[in-house]
Chemist: 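Before we start, here is the structure in question, set down as structure tokens.
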2 protein chains.
Amino acid sequence: MSPRSSFAHARQTREAIVEAGLRIASVEGLEGLTIGRLAADLGLSKSGVLGHFGSKETLQLEVVDAAAELFGREVVGRAERAPEGLRRLRALVESWVSYVERGVLPGGCFFTAAASEFDDRSGPVRNAVAGLAWVWERDLRRQVDLAVAAGELPAGTDSDQVVFELSGHLLALNYALRLHRDPAAPARARTAIARLLE
Amino acid sequence: MSPRSSFAHARQTREAIVEAGLRIASVEGLEGLTIGRLAADLGLSKSGVLGHFGSKETLQLEVVDAAAELFGREVVGRAERAPEGLRRLRALVESWVSYVERGVLPGGCFFTAAASEFDDRSGPVRNAVAGLAWVWERDLRRQVDLAVAAGELPAGTDSDQVVFELSGHLLALNYALRLHRDPAAPARARTAIARLLE
DNA sequence: CCTACCGATCGGTAGG
DNA sequence: CCTACCGATCGGTAGG
């Protein structure tokens, strides 16, 4: 084997740090994610971890980006084959339900947890989390509007209201699953979603 | 003025600590609530704070109790005049909407935040939060069942499903209000609730 | 990537 | 309730 270039090796280490950080942060929160814990888990020194990012905040922002990438792959990507409009909308929310049901991350939906943790703060981490949440909601609203235009949902449907209620069903699912460990929660969420979108 | 007994004074200090702790914890979380911050805010020494509780976990549990008392007063208590069944159910959820709309605590609903923070942990704090959430949901379910028995809601209504969807609307409200600072959120929640309970 | 630090802060204790 | 501590850990830096 030829030796890896130090550039490639550093990038690989950096990705491993962010990946481990995402898993930790989904359980402990983005603030509970500490450099020391990350270093111990990966067998690195603290400065070996921090050197890749410069500051904890930069690390947190990279973890948020990694969460967005995972979300794009595991939720949005899985719905892309469905035609736009009502079927795409149903596929998107079903992908989300399946995403938390399968337990892709050990702490459930990263964005739900991060939103709750950072909603009362200010700064770049809060802005990144809120912005990505906003993009997800805009994508849902767009599919609602397309469904209305195609006659798949009643004319005059308030798409903001539909997105609000869909978000509620998803939040209720994450809540019931994680706080009450209620195995019936995914079925309840699917029932609620089906009734809203019938 | 006769001097207060040291017992009464100590109790008063203890209550002031818990009250300040509740306000801090609603913003910073129960783990972000530190003895040092509390001591500085109240002009006490760290050991002056900790001496009342013995450990941080005991303090956290007392803050959870204080949150439950506040919730009982500001949410459940406000709905008590309504007759049981559908009207009580509507009054309970409207009290909750009003509770976060009025901004009773600076960080929104304490239990929503604490549930998200502790859902992946174990121990007495998690148990207290989950238990109180369960009591709230049981109270809602009871009113749904009474409403069905009185013919105010359709026979065969799945009360667990109704409580799941109501919880979702309340979670969506807290989320939209705190992460997006969306002033339209209370109206959206009221619309969703009214439609569910019509 | 490492060792070896820094000042600050954490929860908690001893003794009064 | 206080002062005066404790060991552990925090994010971060210097220098290699």
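The figures that follow rest on heavy atoms only: side chains count, while hydrogens, waters and symmetry mates do not. Convention: sequence-line order gives letters A, B, ...; per-chain numbering from 1.
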Chemist: With a 3.5 Å limit on both atom pairs, tell me what D:dG15 is paired to, counting Watson-Crick and G-U wobble, or say none.
Modeler: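 For D:dG15, the partner nucleotide comes out as C:dC2, under the 3.5 Å rule.
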Chemist: Please report, rounded to the nearest Å, how far the P atom of C:dC10 is from the CD atom of A:Glu31.
Modeler: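 Nearest whole value for this atom pair: 13 Å.
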Chemist: May I have the distance from A:Leu38 (atom CG) to D:dC10 (atom P), rounded to whole angstrom?
Modeler: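 In whole Å, D:dC10 P lies 11 Å from A:Leu38 CG.
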Chemist: Would you call A:Glu165-B:Arg195 a salt bridge at under 4.0 Å N-O?
Modeler: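 Yes, A:Glu165 and B:Arg195 are salt-bridged.
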Chemist: Does a salt bridge link B:Arg121 with B:Glu31, judged by any charged N lying under 4.0 Å from a carboxylate O?
Modeler: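 Yes, B:Arg121 and B:Glu31 are salt-bridged.
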Chemist: Can you tell whether the side chains of B:Glu19 and B:Arg23 come within less than 4.0 Å, N to carboxylate O?
Modeler: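 Salt bridge absent between B:Glu19 and B:Arg23.
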Chemist: Could you pull out the closest heavy-atom pair between A:Arg126 and B:Arg178, with the gap in Å?
Modeler: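 It is NH1-O, 3.5 Å.
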Chemist: Quick one: B:Lys46 NZ to C:dC10 P, roughly how many Å, whole number?
Modeler: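 From B:Lys46 NZ to C:dC10 P: 7 Å.
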Chemist: Using whole Å, what does the distance between atom C1' of nucleotide D:dG12 and atom CZ of A:Arg37 come to?
Modeler: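 Value for this atom pair: 20 Å.
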Chemist: Within the 4.0 Å heavy-atom criterion, would you say B:Ile35 contacts the bases, only the backbone, or no part of the nucleic acid?
Modeler: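 The answer is sugar-phosphate, as B:Ile35 gets under 4.0 Å only of primed atoms, P, OP1 or OP2.
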Chemist: Closer to the 5' end of DNA chain D via nearest nucleotide, is it A:Gly36 or A:Ser47?
Modeler: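 Its nucleotide being nearer the 5' end, the pick is A:Gly36.
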Chemist: Reckon B:Thr34 touches a base, only the sugar-phosphate, or nothing at all at heavy-atom distances under 4.0 Å?
Modeler: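 Counting heavy atoms under 4.0 Å across all strands, the contact made by B:Thr34 is with sugar-phosphate only.
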Chemist: Phosphate oxygens OP1/OP2 of D:dC2: is one of them under 4.0 Å from a side-chain N or O of B:Ser45?
Modeler: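 Checking B:Ser45 against D:dC2: at least one side-chain N or O falls below 4.0 Å of OP1 or OP2.
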Chemist: Could you tell me the separation between the NE2 atom of B:His52 and the P atom of C:dG12, rounded to a whole number of Å?
Modeler: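 Nearest whole value for this atom pair: 16 Å.
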Chemist: Quickly work out the A:Leu50 CG to C:dT3 C1' distance and round it to whole Å.
Modeler: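 Answer to the nearest Å: 15 Å.
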Chemist: Please give, in whole Å, the distance from D:dC1 P to B:Leu42 CG?
Modeler: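 Roughly 10 Å, once rounded to whole Å.
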Chemist: Now, which nucleotide makes the Watson-Crick or G-U wobble pair with D:dG7, with each of the two distances under 3.5 Å?
Modeler: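 D:dG7 is paired with C:dC10.
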Chemist: Using atom CG of A:Leu44 as one end and atom C1' of C:dC2 as the other, report the distance to the nearest whole Å.
Modeler: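 Result: 10 Å.
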Chemist: Between A:Leu166 and A:Leu89, is there a side-chain heavy-atom distance shorter than 4.5 Å?
Modeler: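 They are in side-chain contact.
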